[in-house]
Each structure stands twice: as structure tokens, then as C-alpha cells.
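Only this structure's heavy atoms are used, side chains among them; waters, hydrogens and symmetry mates stay out.
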Amino acid sequence: MEDMPSALPDGEPVPDDGALPAHALAGAAGRPLGFYLHVPYCATRCGYCDFNTYTATELRGTGGVLASRDNYAQTLIDEVRLARKVLGDDPREVRTVFVGGGTPTLLAAEDLVRMLGSIRDEFGLADDAEVTTEANPESVDERYLATLREGGFNRISFGMQSARPHVLKILDRTHTPGRPEACVAEARAAGFEHVNLDLIYGTPGESDDDWRASLEAALGAGPDHISAYALIVEEGTQLARRIRRGEIPMTDDDVHADRYLIADEVLGSAGYDWYEVSNWATSRPARCLHNELYWRGADWWGAGPGAHSHVGGIRWWNVKHPGAYAAALAQGRSPGAGREVLTEEDRRVERILLELRLREGVPLSLLREAGLTASRRALADGLLEEGPYEEGHAVLTLRGRLLADAVVRDLVD
């Protein structure tokens, strides 16, 4: 699930032509390249959502025709063409494409296929490229899915969240219980090789039994990948306001931990192995390669309003509003709002932050003395696995996964 928070960081200006320093492209041929395509539209705003998304009502009068869904595919294609110019004679074919949102499937299936086609035309797709889109269960049908599959998509991720109607209601999710599971069957029938279901745990009013029922419903649908995320209540959201007014209770960290343990038990018993703290897959090919590309610090270009990119230690992000985004491209300018140059220390810290969450863990060679001391303490406390540690890697135990944020803070010292 590759969603983007609404707030953008500060940074230095991006050149109008989007040009990157020469050192960012040095050695690029040896690094995988992926594309993230952000579709910022939603039919309604979910109460917990803090992502850079917009409903038709929110856009009315603020972006004019430039912010229209009808024009969006062409606008995004313009940024893909800009990426080709910026990356110059970079020889890499694209290894992964991930279309996220928002709700990408509010666009016509043909629009998503056109967007993918622009990447194929400008860069080429690797023979084994992973091509994913997120989808709202209510916004697709058999024909839509068949069009995506015929157009080159081979992985799809449905937002399920919960199988319980009262939980979906708290989250302001609009799909009918049972529809995500039906979508898995329809996607398989359309020829999709890999299917993911996204779940959320810790919603106010959700019980352990509700959570188990959601997991069992997801398993019954037969996806080869399941993501399970703890609900985070972001300031400024409708959900946060309801909790502050006392309309619904706030769940606590102990509840989240209990739900995580249930997820790992139920999914593990069904043959799903964790490969990242919030992600389980039935096999290595079923893993989300695009997310692994993020977690391992490879190169990716994020196209769309508010999208983030990273190439060779340069990270940049686009303007947030669809109207401003489209206007920049229409004027032949980069839609970049700011960028930063990552130092070697920045990259070392980020590797520890991200790779510790992976099943393969993080090399102990990345740790400094204080971090190594902390790692020995974590090992003694049962937070790291002994076998991998002896082989030079810090790998979280199940208990360590529950305390991953705290472990990471100690190891980056």
C-alpha cells in the first residue's frame, strides 16, 4: 500500500527543467528503477485519511479544467516524458510500476493502460516487470479488470480494511462487505498473477473476534499477499475530530500489539510468511517488489501531485494540488516543489530504518559502536534473532516486530 501523507517537507528549489546533478546518475545502470504513478482522486474522503487526495467537491473551483479527472492521464504522461528528458541516456528498463492513490480505478481502465504505455514507450519495461494498481472494490468489474490485464498490469491490490460492517462504517469505507473477496476471484479470472488485500486493525469499536473474522475472510478469498496496518489517527482528520469529541473511543498500543499477534498467528498458520513488518506473502514471487525497491533504497520516479522520487541520493517531491501540478507541466516546467541531497549518513540511517523491518534484516556492519551495543542488548532481550545475528544481520523476532520503532531508534545511534 503506497500512499502519501499530505504534508510536504521543506527543501531546496527544483530547477524548472527538473535536471539532476551528474553524480545522481553515476552508476545508475546498476540500480533498479521503478515508477510510482499517483492518482489523487477519491469518490468520498474516508474519515481516517490524511493522504494527498481530493474529491470532486474539494476540487471544484480550485483547479479548473487542469485538475479534471478526464485530463489526468495525459497530464501524468507529460511527467513521464519529462522523466525521460531528465534521466537522459539512462539505459535502464523499468522494473516496477505501482499506481496508487487516492483511487486509481476512478479513472477509466484505458487511462491507466495509457499511463503504463507511456512508461513502456519512453523507457521500456523489463520482461519480468511487476505492474501493480491499487483498486477500490466498488470501482471495478470483470470488464475493467480484463482491460487492465490485457494492458499489461499483472498485480492488483484491493482495499478491504475489514469484513465487519460496523468497522467499515467507522472508517467511512463505502464498499459492501464481501465485495473485496469477490474482486479477488474476478482478478484471478482476468488473469492476474498476484493479488493483495489491504487490512486495517485497531479501529475503534473493533473486537478481537472482528479482527479474526476479517483475517479469515481475506484468507478465504485466496490472495497470495496480505498487508495489515495498524490504524494511525492523524491530526486534522474526521476520525481524529470524532475521537476528540468523545464520540468513539481511541484504541491503545496494547490493543494494536494484540491484533498484530493475532494476524501473525492466523496468517502464518495459513502459509503466509512475513517479509516486512506489515506484509505477508505465500511465496517470494508474491512479495511486492515495488515496495521492496523503496525499502532497499533503489531509484524510483514518483509522478503525480505530491509524489516523491529518489534517484542516486537526490530526493524530491511534487507540488500537492492537482491544478498546480497540471499547470506546471502545461507550462513546460517540472512540478517539483522541493528536493534534498541525502548525505552518506542520511542514507546509512535510512537503510537501518527501513531494512530492519524486512525479514532479511539489516547488516550489523551498518551500525556504529553505540548501535552495536544496543543491538547486543536487543539480542539479550529477545528482540533480535540469534542465528542471523551470528551471521552478521539484525533480524527482528516476533516480539521485536512489536517494538520495531524502539529497536530502530537504538540502532541508529
Check the pair Asp210 / Thr203 against side chain to side chain contact (heavy atoms under 4.5 Å, CB included), numbers first and verdict last. CA-CA 10 Å; Asp210 291 333; Thr203 300; over 6 Å; no

Please assess Leu261 against Leu398 for the test side chain to side chain contact (heavy atoms under 4.5 Å, CB included), listing each intermediate value before the final yes or no. CA-CA 8 Å; Leu261 291 173; Leu398 175 56; 3.8 Å; yes

Which is it for Leu384 and Leu396 under the side chain to side chain contact (heavy atoms under 4.5 Å, CB included) test, yes or no, and what are the steps along the way? CA-CA 5 Å; Leu384 298 177; Leu396 294 170; 4.0 Å; yes

Is there a side chain to side chain contact (heavy atoms under 4.5 Å, CB included) between Asn291 and Glu276 once you walk through the steps? CA-CA 10 Å; Asn291 281 343; Glu276 191 274 341; over 6 Å; no

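Nearest heavy atoms, Leu231 versus His256: O-CE1, 3.3 Å. Minimum heavy-atom separation, Ala217 to Ala163: CB-CB, 3.9 Å. Across Gly151 and Leu116, no two heavy atoms sit closer than the pair O-CD2, 3.4 Å. Nearest heavy atoms, Gly222 versus Val184: C-CG1, 4.2 Å. Contact detail for Tyr41 and Ser68: the closest heavy-atom pair is OH-O, 3.4 Å. Nearest heavy-atom pair, Asn136 versus Glu138, reported as atom, atom and distance to 0.1 Å: OD1-N, 2.8 Å.
Interatomic distance, Glu292 CD to Glu355 CD, rounded to the nearest 0.5 Å: 11.0 Å. Glu390 CD to Glu386 CD: the interatomic distance, rounded to the nearest 0.5 Å, is 6.5 Å. Interatomic distance, CD of Glu150 versus CG of Leu145, reported as 11.0 Å (0.5 Å rounding). Residue Glu79 holds its CD atom at 6.5 Å from CG of Leu76, rounded to the nearest 0.5 Å. From Gln161, atom CD reaches atom CD of Glu206 across 11.5 Å, with rounding to the nearest 0.5 Å. Expressed to the nearest 0.5 Å, how far CG of Leu383 lies from CG of Leu402 amounts to 9.5 Å.
Between Cys183 and Arg179, some side-chain heavy-atom pair lies under the 4.5 Å cut-off. In this structure the side chain of Glu360 never reaches within 4.5 angstrom of the side chain of Tyr275, judged on heavy atoms.
A side-chain donor-acceptor contact under 3.5 Å links Ser309 to the backbone of Gly302. Under the 3.5 Å distance criterion, the side-chain polar atoms of Ser118 are matched with a main-chain donor or acceptor of Met115. In this structure, the side chain of Trp316 does not engage the main chain of Gly336 through any donor-acceptor pair within 3.5 Å. A donor-acceptor contact shorter than 3.5 Å links the side chain of Asp346 to the backbone of Thr343. Formation of a donor-acceptor pair under 3.5 Å by the Arg95 side chain with backbone atoms of Leu289 is not found in this model. Here the side chain of Asp299 pairs a donor or acceptor atom with the backbone of Gly312 at under 3.5 angstrom. No donor-acceptor pair closer than 3.5 Å links the side chain of Glu186 to the backbone N or O of Asp141. Between the side chain of Thr105 and the backbone N or O of Ser139 there is no donor-acceptor pair closer than 3.5 Å. At distances below 3.5 Å, not a single donor-acceptor pair connects side-chain atoms of His393 with backbone N or O atoms of Val395. Side chain of His310 to backbone of Ala298: a donor-acceptor contact under 3.5 angstrom is found.
Side-chain contact check for Ser214 and Tyr201: no donor-acceptor pair (N or O, by modelled atom type) lies under 3.5 Å. A donor atom on one side chain and an acceptor atom on the other are not found under 3.5 Å apart for Asp78 and Thr75. A donor-acceptor contact closer than 3.5 angstrom is absent between the side chains of Asp224 and Thr282.
Comment: Glu193 engages Arg149 in a salt bridge, judged by a side-chain N to carboxylate O separation of less than 4.0 angstrom. Glu385 has a carboxylate O that lies under 4.0 Å from a charged side-chain N of Arg359, or vice versa, which qualifies the two as a salt bridge. Remark: Glu345 engages Arg348 in a salt bridge, criterion side-chain N to carboxylate O under 4.0 Å. Under a 4.0 Å N-O distance rule, the pair Asp90/Arg92 qualifies as a salt bridge.
For CZ of Arg376, the number of neighbouring non-hydrogen atoms (other residues, nucleotides, ligands) closer than 6.0 Å is greater than 12. A 6.0 Å sphere centred on CD of Glu265 holds more than 12 heavy atoms belonging to other residues, nucleotides or ligands.
Partner of Thr96 under the side-chain hydrogen bond (donor to acceptor under 3.5 Å, both in side chains) criterion, chosen from His290, Glu130, Arg155: His290. No option in Phe35, Tyr36, Tyr294, Trp295 other than Tyr294 meets the ring pair (Phe, Tyr, Trp, His ring centres under 6.0 Å) test with Trp300. When each of Tyr272, Trp274, Tyr260 is paired with Trp280, the ring pair (Phe, Tyr, Trp, His ring centres under 6.0 Å) condition holds for Tyr260 and for no other.
Under a cutoff of 6.0 Å and an axis angle of 45°, Arg84 and Phe123 form a cation-pi pair.
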